[in-house]
Peer 1: 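This is the structure I have questions about; it appears just below.
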Amino acid sequence: MEHQMNSRKICTAFRPERAHARRGSTSCWTLACVARCGCAHACIAVMKRRGGTKTFGRRRRTWDRWIHSLVVDNMAKNTSLYFRIVEGRNLPAKDVSGTSDPYCIVKVDNEVVARTATVWKNLNPFWGEEYTLHLPTGFHSLSFHVMDEDTIGHDDVIGKISLTKEAIGSQAKALDSWINLTRVDPNEEVQGEIHLTLQLLKGTEKTILRCDVMEARDLAPRDISGTSDPFARVIYNNHSAETSIIKKTRFPHWGETLELDLDPQELSEEGTVVVEVWDWDMVGKNDFLGKVEIPSACLHQSPLLESWFRLLPLGNNEVDANGKLGALRLKVRLVEDQILPSSYYQPLIDLLVESVISPAEVEDSSALTMLEEVTTVESRQDVAMTLVKIYLGQGLVIPFLDYLNTQEVNHTTDPNTLFRSNSLASKAMEQFMKAVGMLYLHEVLKPIINRIFDEKKYIELDPSKIDLNHTRRISFKGAVSEAEVRDSSVEMLQSYLTSIVDSIVGSVEQCPAVMRVAFKQLHRRVEEQFAEPQNEDVKYLAISGFFFLRFFAPAILTPKLFQLREQHAGTRTSRTLLLLAKALQSVGNLGLQLGHGKEQWMAPLHPIILRSVASVKDFLDKLIDVDHDTVSEMPQRGVFLPSVIVKEGYLHKHKAEGAQLLSRFASKKRYFWLTSQTLSYAKTPDWQVRASMPIHCVRAVERVDENAFQQQNVMQVITQDDDDGQLQTMYIQCKNVNELNQWLSAIRKVSIYNERMLQSFHPGTHRGGRWTCCLQTDRTVAGCSRTHSAVTLGDWSDPLDPDVETQTIYKQLLQGRDKLRKKYLPEADADQTASKTEDVNPDACPDGAECEVDPAKPGRSLAARLLMAIEALEQAHATFRCRDQEDSTNGIANLQNRFEQGSQ
């Protein structure tokens, strides 16, 4: 029983793999070993149990590093991978025009997670696209493939950049640099795992190496059909044996036993057993699919070795292209955290809550102000977003913003500089609007943005930029002059700007109540601080500065970054959006700076901007005319109410027809709505009759193999009915990979707390009497691939997770601990801070009593409490780390005991 408990605990970090391991068996531990770093971990368990008495040269140092990485992996409970594809330079020309049409495909462990927009006819493209990927189960590599889009035929491969998890994690802050592209070698593009059992049967005259090749999953597609024809080969010295070939599958089931007859003198602990997987081709050379290398020392130490092994590349050294293929500028950051139970974070949460519920008591010193002191400008935006989520989870986001805004207002003497810096208050308001107002922004702006993109008008006001060659699509009679282009541009800009302003000022009732209350509090604080008649407009400018300048104007300027469009704007549309964003900023500034800038060519828009000021002020007055109690019932663990639509849009639904399930498919275009409670669809957005499925019935949301329908970008939603308990699958096709990833992520987020989620699924479909993925005939057989229910793209719709957010704040404070000590406790010894807190002693202050604090040392007591909370969390992490190491040691010992018992 003790062994079973330890085995289950060891495998906690590898939940997808654990579904395929027998509880309490040796395969459970070896599975956890190889799932992350490859096959060699399978022998480390035995080696460490024996004290490492066997020396294998350079391998021993490698094994030590593997053991260390294994312990770290077991501790990692939350992994966030942030990457930004900034730009490219000096890309090779792939088209006859002497240019390329580059875009990037981003893969995590060979699974496409993002595709940038195409930048047409450019060898130095700028993308500026960023993503955050939550990967609770970890990953091995991140790669960026640069492609040249072709309208006819297949897209050309320009090159790639591949980064290992270790390379990314070794960066202290983040990887931010130019990296040269290298060529794409098919032998390095491997993926998937293989299930093997290895055993040495020793006799007096000969020894048999027995390898049971059971199955493989998620192999790379090598054929035009999107599948492969895989077979496996086991090799030791000059001996080899092969399995049969299984046609048209990436999930082969062999169930074959291969045996190699070896002479006793051939056996060496320095040898290596190699299992290779190949794609068979009738014509030409076979394609490499991956390999597993197992040191023979493993087989000498254990009677039976069984596990899933990750397939590795062929091992060719990839030659650096020396910049011949160009380079990408990337920013990549990896964050891995051990998330403690909620109770450990409560003291820090209490201090953060105290900052906003008792502001009169804390005055200028609070946990928030101290946090801001140790926060760098680079990290302030992330910290602000984290704090917004924490206080949303606590139901205290309004007091939180009010506290920060009050501090900012009270410390500002010149109203012209109010909220002009990148302070924590400014960043918190920005992130707050994104967290609670993105759906509102979409409702207000999306129709107008779509119109601008669809019309593609040539618009220019700057005389130095007007190009008459671009005006041929504008209908004019006779010759086209700069004046006519300018008049036409003014007319179109006035039309667009009027539509934008009218849509905004008419959206009072659409604006989320919590945003309106936050602005009401801000209006009151500014009015109290700047009550002079000459500062009458300051209370309006404070709100409009956030509302127009930091929310709506940036969304107009870069609609893709706010998910208003799927593609970046072209050169013509981008210029129109820039001019509109400038004009809207002037509207947000109430026209006070018109005529004072260098861009006097914007003057034709000044009259419409000035006419908008009165309606904007009236709008702001109505916006803050709201009762504070309207947000008292805000959900504690989510930003959105259940009835709010999280995502919607047209998708193609594959429906089964006929008596046999999936015997014949019909693709129907349907409009889908996703809320936190249901996924529903109808013929059109206005259609009254909707089909709906409860979110709590969702058991998995996964991709579908291209081979299943001979179509790309198909996903499946697997549900289980509450009544009959039968699993049902709905297949949905998206129009591109980005839309696919967004829908996968959105449905996974709303179903993240569901019970009985599946741990395996079928990437194919069941038709013609068998599954197209693994070729199994039983429709109810367990899935052949692991699910990815916890892998999501991070964005403004992320569910609240207070423990994860508080862990982020703890790490920020931990980095600034010495700075806080130096400022608030200069005489305290670094090693005795937890006990040397004369101003406040927790044991001497019973509940409800007030402790005396030296008034000459403001903030000293609070700093001592904050440092104590930080050190308590640091100690808790150390304790859990030791416990994980003990569990790893126990698992190794238990595995060795099982091996020894099996050999007797």
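Count residues from 1 along the sequence.
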Peer 1: Rounded at 0.5 Å granularity, tell me how far OG1 in Thr719 sits from CE in Met730.
Peer 2: 7.5 Å
Peer 1: Looking at every non-hydrogen atom in both residues, tell me the closest pair between Trp127 and Ala117 and how far apart they are.
Peer 2: NE1-O, 2.9 Å
Peer 1: With no hydrogens and no angle check, just 3.5 Å: does a side-chain donor-acceptor pair link Ser680 and Arg670?
Peer 2: no
Peer 1: Which atom pair, heavy atoms only, marks the closest approach of Arg703 to Val113?
Peer 2: NH2-CA, 4.3 Å
Peer 1: Check for a donor-acceptor pair, side chain of Gln716 on one end and backbone N or O of His762 on the other, with a separation under 3.5 Å.
Peer 2: yes
Peer 1: Is the closest side-chain heavy-atom distance between Phe251 and Ile246 below 4.5 Å?
Peer 2: no
Peer 1: Measure from the side-chain N and O atoms of Arg748 to the backbone N and O of Val701, and report whether any donor-acceptor pair falls under 3.5 Å.
Peer 2: yes
Peer 1: Spell out, as yes or no, whether a donor-acceptor pair under 3.5 Å connects the side chain of Ser676 to the backbone of Val750.
Peer 2: no
Peer 1: Under 6.0 Å from the ring centre and within 45 degrees of the ring axis: does the NZ or CZ of Arg115 meet both conditions for the six-membered ring of Tyr103?
Peer 2: yes
Peer 1: Rounded to the nearest 0.5 Å, what separates atom OG in Ser143 from atom NZ in Lys107?
Peer 2: 6.0 Å
Peer 1: Quick one: does Met147's side chain get under 4.5 Å of Ile158's, heavy atoms only?
Peer 2: no
Peer 1: Find the distance between CG (Asn707) and OG1 (Thr765) and round it off to the nearest 0.5 Å.
Peer 2: 8.5 Å
Peer 1: Rounded at 0.5 Å granularity, tell me how far CD in Glu193 sits from CD in Glu215.
Peer 2: 10.5 Å
Peer 1: Hey, what do you get for CG (Leu775) to OG1 (Thr249), rounding to the nearest 0.5 Å?
Peer 2: 4.5 Å
Peer 1: More than 12 non-hydrogen atoms from neighbouring residues, nucleotides or ligands closer than 6.0 Å to CZ on Arg770, yes or no?
Peer 2: no
Peer 1: Tell me, please, whether Trp673 has Lys647 positioned over its six-membered ring: NZ or CZ under 6.0 Å from the ring centre and within 45 degrees of its axis?
Peer 2: no
Peer 1: Less than 3.5 Å apart, any donor N or O on the side chain of Gln191 or Asp218 sitting next to an acceptor on the other?
Peer 2: yes
Peer 1: Strictly distance-based, threshold 3.5 Å: is any side-chain N or O of Thr787 a donor or acceptor partner for the main-chain N or O of Leu758?
Peer 2: yes
Peer 1: So do the side chains of Leu219 and Val190 get within less than 4.5 Å of each other, counting heavy atoms only?
Peer 2: no
Peer 1: Does the ring of Trp308 carry Arg217 above it, NZ/CZ under 6.0 angstrom from centre and within 45° of its axis?
Peer 2: yes
Peer 1: Parallel, tilted or perpendicular: which describes the rings of His788 and Phe761, with under 30° parallel and over 60° perpendicular?
Peer 2: perpendicular
Peer 1: Is it the case that the side chains of Tyr496 and Glu455 hold a donor-acceptor pair, with the cut-off being a distance below 3.5 Å and no angle test?
Peer 2: yes
Peer 1: Assess whether atom CD of Gln688 is packed by more than 12 heavy atoms of other residues, nucleotides or ligands within 6.0 Å.
Peer 2: no
Peer 1: May I ask you to decide if Val698's main-chain N or O and Asn754's side chain share a donor-acceptor pair within less than 3.5 Å?
Peer 2: yes
Peer 1: To the nearest 0.5 Å, what is the distance between CD on Glu739 and CG on Asn741?
Peer 2: 10.5 Å
Peer 1: On a heavy-atom basis, which atom in Tyr671 and which in Thr684 lie closest, and how many Å separate them?
Peer 2: CB-C, 4.0 Å
Peer 1: Should Trp280 and Met282 count as side-chain neighbours, where that means a heavy-atom distance under 4.5 Å?
Peer 2: yes
Peer 1: Please examine the side chains of Pro252 and Cys774, heavy atoms only from C-beta on, and report whether any two atoms are closer than 4.5 Å.
Peer 2: no
Peer 1: Taking NZ, NE, NH1 and NH2 as the nitrogens, is one of them in Asp795 or Lys749 under 4.0 Å from a carboxylate oxygen of the other?
Peer 2: yes
Peer 1: Considering the options Asp705, Thr227, Thr772, which one meets the side chain to side chain donor-acceptor pair (under 3.5 Å) requirement together with Arg250?
Peer 2: Asp705
Peer 1: Do you see a donor-acceptor pair shorter than 3.5 Å between the side chains of Thr118 and Glu149?
Peer 2: yes
Peer 1: Under 6.0 Å from the CH2 atom of Trp687, do we count more than 12 heavy atoms belonging to anything else shown?
Peer 2: no
Peer 1: Could you check whether any side-chain heavy atom of Val717 comes within less than 4.5 Å of a side-chain heavy atom of Met693, counting everything from C-beta outward?
Peer 2: yes
Peer 1: When you compare the side chain of Asp155 with that of Asp148, does any pair of heavy atoms fall below 4.5 Å?
Peer 2: no
Peer 1: Any donor and acceptor pair, going by atom type alone, linking the side chain of Asn738 with main-chain N or O of Ala114 inside 3.5 Å?
Peer 2: no
Peer 1: List for me each residue that meets ring pair (Phe, Tyr, Trp, His ring centres under 6.0 Å) alongside Tyr131, sequence neighbours excluded, and say none if there are none.
Peer 2: Phe83
Peer 1: Mind checking side chain to side chain contact (heavy atoms under 4.5 Å, CB included) for Val804 and listing every partner two or more places apart, or none if nothing turns up?
Peer 2: Asn78, Ile339, Asp801
Peer 1: For Arg572 and Lys456, indicate whether the former's side chain and the latter's backbone hold a donor-acceptor pair under 3.5 Å.
Peer 2: yes
Peer 1: Is the backbone of Glu129 close enough, under 3.5 Å, to the side chain of Thr116 for a donor and an acceptor to pair up by distance?
Peer 2: no
Peer 1: If we ignore angles and hydrogens, is there a donor and acceptor under 3.5 Å between the side chains of His652 and Ser667?
Peer 2: no
Peer 1: Can a donor-acceptor pair be found between the side chains of Ser225 and Asp223 at a distance below 3.5 Å?
Peer 2: no
Peer 1: Within the structure provided, determine whether Val108 and Leu133 are in side-chain contact (heavy-atom separation under 4.5 Å).
Peer 2: yes
Peer 1: Would Phe672 and Lys653 satisfy side-chain contact (heavy atoms from CB on, under 4.5 Å), going step by step from the backbone distance to the final call?
Peer 2: CA-CA 10 Å; Phe672 280 78; Lys653 177 180 175 294; 4.2 Å; yes
Peer 1: Look only at the side chain of Asp150 and the backbone of Ile152, and say whether a donor-acceptor pair between them is shorter than 3.5 Å.
Peer 2: no
Peer 1: Any donor-acceptor pair under 3.5 Å linking the side chain of Asp229 with the backbone of Lys248?
Peer 2: yes
Peer 1: For a quick check under 3.5 Å, do Tyr440 and Ser507 share a side-chain donor-acceptor pair by atom type?
Peer 2: yes
Peer 1: Where is the tightest heavy-atom contact between Ala569 and Leu577, given as atom of each residue plus distance?
Peer 2: CB-CD1, 3.9 Å
Peer 1: With no hydrogens and no angle check, just 3.5 Å: does a side-chain donor-acceptor pair link Glu443 and Gln510?
Peer 2: yes
Peer 1: Go through the steps for Glu189 and His145 under the test side chain to side chain donor-acceptor pair (under 3.5 Å), then give the verdict.
Peer 2: CA-CA 11 Å; Glu189 302 299 305; His145 291 68; 3.3 Å; yes
Peer 1: Does Lys560 have more than 12 heavy atoms from other residues, nucleotides or ligands lying within 6.0 Å of its NZ?
Peer 2: yes
